[in-house]
Amino acid sequence: MKINKKYEQIIFTFLMAFGMSFLISFILVSINFGYSNLFIKTWMKMWFEAFLCAFPIAYLLPKGIKKVMKSITFVENKNYEQ
């Protein structure tokens, strides 16, 4: 499969949000509701809602974090002046 390089970031973000929302919603539904006859229905509903939140957050949050990271000065040695 070949896809234009300009779509790399959006596809990466989509797949990360997809996978993380899948696993996190599964774990949280398992912990909070247990495995019942409504498990799959509840999990799919929660996964959909989690993905709707996760995708825009995963797309926008790194841009803000990069701005904050640029304002931080990282140093190699332990004896530095502030």
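Positions are given from 1, in the same order as the sequence printed here. None of the values given here were measured: they were computed from a predicted structure.
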**Asked** Angle class for the F26/W43 ring planes (parallel below 30°, perpendicular above 60°, tilted otherwise)?
**Response** perpendicular
**Asked** Transitive ILVMFWY cluster of M69 at side-chain heavy atoms under 4.5 Å: who else is in it?
**Response** I57, L61, I65, V68, I72, F74
**Approximate separation, where rounding is to 0.5 Å, of M46 CE and S21 OG** = 11.5 Å
**Asked** Shared ILVMFWY cluster between I10 and F51, side chains joined below 4.5 angstrom?
**Response** yes
**Prompt:** If you look at every heavy atom in M1 and I3, which pair is closest and at what distance?
**Reply:** SD-CD1, 3.5 Å
**Asked** How many angstroms lie between atom CD1 of I40 and atom OH of Y35, to the nearest 0.5 angstrom?
**Response** 10.0 Å
**Single-linkage hydrophobic cluster, 4.5 Å side-chain cutoff, F39 and W47 together** = yes
**Message:** With a 4.5 Å cut-off on side-chain heavy-atom distances among I, L, V, M, F, W and Y, is there a chain of contacts connecting I11 to M16?
**Reply:** no
**Prompt:** Hey, what do you get for OG1 (T13) to CG (L60), rounding to the nearest 0.5 Å?
**Reply:** 9.5 Å
**Prompt:** Cluster question for you: counting only ILVMFWY and a side-chain heavy-atom cut-off of under 4.5 Å, with indirect links fine, are I24 and F18 together?
**Reply:** no
**Item:** L28 CG to L23 CG distance, which is reported to the nearest 0.5 Å
**Value:** 11.0 Å
**Request:** Would you mind listing every side chain to side chain donor-acceptor pair (under 3.5 Å) that reaches into residues 64-73, with sequence neighbours excluded?
**Result:** none
**Fill in**
Residue set satisfying salt bridge (charged side-chain N to carboxylate O under 4.0 Å, His left out) with E8, at least two apart, ordered chain then number -> K5
**Request:** Group every Ile, Leu, Val, Met, Phe, Trp and Tyr by side-chain heavy-atom contacts under 4.5 Å, then state whether I27 and M20 land in the same group.
**Result:** no
**Prompt:** Looking at the rings of Y59 and F12, which for Trp means the six-membered one, are their centres under 6.0 Å apart?
**Reply:** no
